[in-house]
Amino acid sequence: MMELRSTLGGRIALTAVATVILLFLALPIVVVLVTSFSKNAFGSFPPEAWTLGWYKSLFADGSKWPAAMSTSALVACLSTVFSLIIGVTAATALTRSELPLRSAVYALVLGPLLIPQIVTALGLFLLFEPAAMLGSPIAIALGHTVLASPIAVLILVATLRGIDERLEDAAASMGASRLTIARRITFPLAAPGMIAAAIFSFITSFDEFYISQFLSSVDTVTLPVQIYNSLTFDIDPSVTAISALLIAGAMLALALVALVRWLGSGRQDSLLSVENTAGIAAPGGEAV
């Protein structure tokens, strides 16, 4: 690979291959975005005529899309809160404590990511059905938390491991309690990771289908379930419009994550520079 990069022809070949792969991956997204402006009710590609009518129909009187979007937003917000609570607690225990069998606990926390979602959905259905909680936003949010919390744990574990523990040691050497260290140093430095975990947890819950399908009811329908119903039981061209909005929302969320991490990247470096300048503590923990 290094020899390929060292020549002009190799660099051109790598660039061409990478471009083709990226175009192939982006092609379905481009097709959906373009088709959402097609005047043809069957969503032909390329469009013969252009219109914004399908976007207007999303919020027309009698449309089911606003209710589905509000339900998904409510469930995603609840799931994000639950996932952050679990994520912060688990990540702190995995990185800042002498937890026995740490690797086994970490694998157990990430286990839901390895199990097929339809199996998880069936198990949650059998759990909530006797409790008469089917159709409850709380039940759906708890089900989504099973999938969203491992993602939050992954992000927060990486974030906490990236924080220089000398900053915490320096605060402890000056008499700060563990709560003060967490409140004044650890969590502020981990804020970009926490925001990223919240965004990815929200996206995971908002786009989840299988658990929503098993736990929803006639009166509580999330957006992915409504999309499935629209594609299964009738021909609704506004599905392309709502899909385009979902793609735009995901791209905006990823841009927000990149911006937050870029803004927070210099905070730890600035604290380290202050520590080294003031001579609060040496890497070994002794005052200098």
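Just so it is clear, the model here is predicted, and its values are computed rather than measured.
The structure places CG of Asn229 at 7.5 Å from NZ of Lys64, a figure rounded to the nearest 0.5 Å. In this structure, the separation between OG on Ser216 and CZ on Phe209 is 8.5 Å, given to the nearest 0.5 Å. Note: Thr222 OG1 to Ile140 CD1 = 6.5 Å, rounded to the nearest 0.5 Å. Here Ile85 contributes atom CD1 and Thr80 contributes atom OG1; the two are 11.0 Å apart, rounded to the nearest 0.5 Å. Leu215 contributes atom CG, which lies 12.5 Å from atom CD1 of Ile138 (distance to the nearest 0.5 angstrom). Atoms CG and CD1, on Leu156 and Ile151 in that order, are 12.0 Å from each other to the nearest 0.5 Å.
Ring geometry for Phe125 versus Phe214: interplanar angle over 60°, hence perpendicular rather than tilted (30 to 60°).
The two residues Glu208 and Pro224 have their closest heavy-atom pair at O-CG, 3.4 Å. Minimum interatomic distance between Ala76 and Ser205 (heavy atoms only, all atoms of both residues): CA-OG, 3.3 Å. Taking each heavy atom of Leu124 and Val146 in turn, the nearest pair found is CD2-CG2, 4.4 Å. Smallest separation of non-hydrogen atoms from Val221 and Val218: CG2-O, 3.6 Å. The minimum heavy-atom distance linking Ala73 with Phe206 is given by the pair N-CE1, 3.7 Å. Across all their heavy atoms, Val257 and Ala196 have their closest contact at CG1-CB, 3.9 Å.
Residues Ile185 and Leu160 share a hydrophobic cluster, clusters being chains of Ile/Leu/Val/Met/Phe/Trp/Tyr side chains in contact below 4.5 Å. Under the 4.5 Å side-chain heavy-atom criterion for Ile, Leu, Val, Met, Phe, Trp and Tyr, Trp50 and Tyr55 are members of the same hydrophobic cluster. Residues Ile203 and Leu154 share a single hydrophobic cluster, defined by chaining ILVMFWY side chains whose heavy atoms lie under 4.5 Å apart. In the hydrophobic cluster analysis, where Ile, Leu, Val, Met, Phe, Trp and Tyr join through side-chain heavy atoms closer than 4.5 angstrom, Val75 is grouped together with Val225. A continuous path of Ile, Leu, Val, Met, Phe, Trp and Tyr side chains, each step under 4.5 Å between heavy atoms, connects Trp65 with Phe37, placing both in one hydrophobic cluster.
With hydrogens and angles ignored, the 3.5 Å screen pairs no side-chain donor or acceptor of Ser238 with any backbone N or O of Ala241. The backbone N or O of Val239 lies less than 3.5 Å from a partner atom in the side chain of Ser243, making a donor-acceptor pair. Using modelled atom types, one side-chain atom of Ser63 and one backbone atom of Leu58 make a donor-acceptor pair closer than 3.5 Å. Formation of a donor-acceptor pair under 3.5 Å by the Ser57 side chain with backbone atoms of Trp54 is found in this model. Under the 3.5 Å distance criterion, the side-chain polar atoms of Ser72 are left unmatched by any main-chain donor or acceptor of Met69. A donor-acceptor pair is defined here as one N or O able to donate and one able to accept, closer than 3.5 Å; no such pair exists between the side chain of Gln226 and the backbone of Tyr228. Using modelled atom types, no side-chain atom of Thr220 and backbone atom of Ser217 make a donor-acceptor pair closer than 3.5 Å. Listed for the Ser149 side chain is a donor-acceptor partner under 3.5 Å among the backbone atoms of Thr145.
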### Query
Do Ile211 and Thr120 pass the side chain to side chain contact (heavy atoms under 4.5 Å, CB included) test, and can you show the C-alpha distance, the side-chain angles, and the key distance before you say yes or no?
CA-CA 7 Å; Ile211 293 177; Thr120 303; 4.3 Å; yes
### Task
Please lay out, stage by stage, how Phe187 and Arg183 fare under the test side chain to side chain contact (heavy atoms under 4.5 Å, CB included).
CA-CA 6 Å; Phe187 288 160; Arg183 182 172 56 88; 5.7 Å; no
### Message
Does His144 form a side-chain hydrogen bond (donor to acceptor under 3.5 Å, both in side chains) with Ser212? I'd like the steps, not just the answer.
### Response
CA-CA 8 Å; His144 290 181; Ser212 300; 2.8 Å; yes
#### Entry: Stepwise side chain to side chain contact (heavy atoms under 4.5 Å, CB included) check, Leu256 with Leu252
CA-CA 6 Å; Leu256 180 60; Leu252 180 62; 5.7 Å; no
### Task
Give the intermediate values and the outcome of side chain to side chain contact (heavy atoms under 4.5 Å, CB included) for residues Ile227 and Leu246.
CA-CA 11 Å; Ile227 292 176; Leu246 290 176; 3.9 Å; yes
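Between Glu168 and Arg96 there is a salt bridge, since at least one side-chain N of the basic residue sits less than 4.0 Å from a carboxylate O of the acidic one.
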Pairs of donor and acceptor atoms involving the side chains of residues 100-117, under 3.5 Å and at least two apart or interchain, shall be tabulated with distances.
residue	atom	partner	partner atom	Å
Arg102	NE	Leu94	O	3.4
Arg102	NH1	Leu94	O	3.4
Arg102	NH2	Ser97	O	2.4

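No side-chain heavy atom of Tyr210 sits under 4.5 Å from any side-chain heavy atom of Leu147. Counting heavy atoms from C-beta outward, Pro137 and Thr71 have side chains that stay 4.5 Å or more apart.
Within 6.0 Å of CZ on Phe128 lie more than 12 heavy atoms contributed by other residues, nucleotides or ligands. Counting heavy-atom neighbours within 6.0 Å of Leu122 CG, excluding the residue itself, gives a total above 12.
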